[in-house]
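Since the structure comes first, as structure tokens, the remarks are kept for the end.
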Number of protein chains: 2
Amino acid sequence: MKIGDLAKRSGFSAHTLRYYERIGLLPYADRDASGQRDYDETILIWIEFLGRLKDTGMPIRDMLAYANLRNGGPATTQERHDILAAHRDQVQATIARLQANLLVLDDKIAGYAATLQRTQDDDSQHIPTSTNQAEHQPNTLYRNPIPARPARTGRHRRRGGPKGD
Amino acid sequence: MKIGDLAKRSGFSAHTLRYYERIGLLPYADRDASGQRDYDETILIWIEFLGRLKDTGMPIRDMLAYANLRNGGPATTQERHDILAAHRDQVQATIARLQANLLVLDDKIAGYAATLQRTQDDDSQHIPTSTNQAEHQPNTLYRNPIPARPARTGRHRRRGGPKGD
DNA sequence: CTAGGGGTTAGAGCGCACTCTAAGTCAAGC
DNA sequence: GCTTGACTTAGAGTGCGCTCTAACCCCTAG
């Protein structure tokens with residue numbers, strides 16, 4: 001299997017697969033007569049697992065540590081177990097955090113929905129509709145320019161605080 | 001409240017708070033006589049909500065879109081509702097994905113635990129313990145150098161000169 | 001024979017979200 | 001008066017994880 005095929009089957013781009021090999025996340029692939037990578041099907045199992053670690057937010061450096069332990073054979077079983085167990089705990093914590101935030105989000109959405117409902121009901125009576133929780137802030141907010149992106153162009157110009165104004 | 005205090009109370013660094021103001025995620029703060037930001041307590045409510053959006057993985061550009069809609073008043077209620085609802089769906093999908101991966105992770109961890117158990121049981125009989133699911137790969141893996149980091153230094157070498165054909 | 005569509009490498013560039021630096025101001029404490 | 005430390009600005013730098021480019025090679029189809 002060539003890198004393009006593996007890319008299609010694994011969901012990672014060929015660029016990314018080469019990158020992973022370079023940093024040691026994937027084994028150095030055998031090359032065919034003309035120097036092209038020739039993959040064995042079995043690599044897909046490992047790649048799929050890497051994908052799961054990635055999906056669950058494990059940083060590459062940790063995947064690398066785990067990958068390297070696999071070279072150590074059975075002697076590293078405990079360590080590998082511990083890495084995955086620690087990661088699982090992290091994932092569980094993340095899920096819990098997301099679920100907690102989801103409740104707040106749902107509340108806020110319900111607030112908006114209620115406002116919309118009220119606006120519709122009162123369509124011809126124009127009763128002020130500012131009871132929504134979503135409107136906590138003073139409406140003096142957001143008068144700054146907003147460059148939309150930090151923009152790392154340009155240089156020079158004087159520094160020091162222009163106070164007062 | 002000065003920026004240092006707000007930093008302590010919000011959990012964001014002063015650097016980050018200034019950055020958020022710069023990009024428009026936080027309102028342009030009032031300055032005191034000597035040009036220093038002087039915050040009102042209420043800003044904490046908005047910052048806390050921003051934190052939740054961030055925690056749930058909303059990119060800054062989307063938070064910005066949401067923040068800007070708040071300036072539009074009640075007219076933007078529907079749009080704000082839709083943004084949050086879409087985000088909520090995303091978060092729910094993320095949770096589902098994490099939970100699915102968690103199962104796989106748990107399986108793998110259980111595999112390691114079983115191997116460790118067996119290794120302990122067979123302590124004095126040294127039976128090879130390679131039945132663990134965790135050992136799918138051929139042990140010829142991982143013989144590449146591993147630079148540990150791509151390293152984006154360097155500025156030498158010709159660039160941009162696509163030899164005019 | 002030529003075109004094209006794959007592959008190869010080293011290394012540069014990108015997008016994101018900060019994070020920090022330089023050079024300066026200012027208020028309070030010793 | 002002087003020092004300390006928190007603040008101000010514009011802009012540069014960082015770390016992550018890719019993503020792409022240049023310049024090349026090789027195989028196959030027409």
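To find a chain, count down the sequence lines: A is the first, B the second, and so on, and within it residues start at 1.
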| query | Residues from residues 87-102 of chain B sitting under 4.0 Å of DNA chain D, heavy atoms only? | reply |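 Within this stretch, nothing sits under 4.0 Å of the strand.
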
| Which residues pass the salt bridge (charged side-chain N to carboxylate O under 4.0 Å, His left out) test with B:Asp82, sequence neighbours left out? | none

Which nucleotide wins on minimum distance to the side chain of [X], given the candidates [options]?
X: A:Thr16; options: D:dC18, C:dC18, C:dT9; value: D:dC18
X: A:Ser34; options: D:dC27, C:dT19, D:dT19; value: D:dC27
X: B:Arg22; options: D:dA10, D:dT19, C:dT21; value: D:dA10
X: A:Pro59; options: C:dC18, D:dG17, C:dT8; value: D:dG17
X: A:Arg61; options: D:dT9, C:dA17, D:dC16; value: D:dC16

Length of the [atom1]-[atom2] vector between [X] and [N], whole Å:
X: A:Phe12; N: D:dT19; atom1: CZ; atom2: C1'; result: 14 Å
X: B:Asp38; N: C:dA27; atom1: CG; atom2: C1'; result: 15 Å
X: B:Asp55; N: C:dA17; atom1: CG; atom2: P; result: 13 Å
X: A:Tyr19; N: D:dT21; atom1: OH; atom2: P; result: 18 Å
X: B:Ile23; N: D:dA10; atom1: CD1; atom2: P; result: 15 Å
X: B:Lys54; N: C:dA17; atom1: NZ; atom2: C1'; result: 8 Å
X: B:Arg31; N: D:dA6; atom1: CZ; atom2: P; result: 19 Å
X: B:Leu17; N: D:dC7; atom1: CG; atom2: C1'; result: 13 Å

| field | N or O in side chain of A:Tyr20 less than 4.0 angstrom from D:dG17 OP1/OP2 | value | no

| Looking at residues at least two apart in the chain, or sitting in another chain, which of them share a ring-ring contact (aromatic ring centres under 6.0 Å, His included) with B:Tyr39? | none

| Residues in side chain to side chain donor-acceptor pair (under 3.5 Å) contact with B:Thr16, at least two apart in sequence or another chain |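 Applying side chain to side chain donor-acceptor pair (under 3.5 Å) to B:Thr16 gives B:Ser13.
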
| For A:Thr94, side chain to side chain donor-acceptor pair (under 3.5 Å) partners two or more places apart | none

| query | Partners of B:Lys2 by side chain to side chain contact (heavy atoms under 4.5 Å, CB included), sequence neighbours excluded? | reply | B:Asp5, B:Gln36

| message | Tell me every residue that passes side chain to side chain contact (heavy atoms under 4.5 Å, CB included) with A:Glu79, counting only those two or more places apart in sequence or in another chain. | response | A:Leu69

| query | Do B:Leu44 and B:Ser10 have side chains that get closer than 4.5 Å, going by heavy atoms? | reply |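 Yes, side chains in contact.
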
| message | Using side-chain heavy atoms (C-beta onward) and a distance below 4.5 Å, is B:Thr119 in contact with A:Thr77? | response |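 They are not in contact (no side-chain heavy atoms under 4.5 Å apart), so the answer is no.
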
Could you give the side-chain donor-acceptor pairs of residues 47-60 of chain A under 3.5 Å, partners two or more places apart or in another chain?
from	atom 1	to	atom 2	distance (Å)
A:Glu48	OE2	A:Arg52	NE	3.3
A:Glu48	OE2	A:Arg52	NH2	2.8
A:Arg52	NH1	B:Asn101	OD1	2.7
A:Asp55	OD2	B:Arg97	NH1	3.4
A:Thr56	OG1	A:Arg52	O	2.7
A:Thr56	OG1	A:Leu53	O	2.9
A:Thr56	OG1	A:His87	NE2	2.7

Check nucleotides 1-7 of chain C for protein N or O atoms closer than 3.5 Å to its own N or O atoms and list the pairs.
from	atom 1	to	atom 2	distance (Å)
C:dG7	OP1	A:Gly4	N	2.4

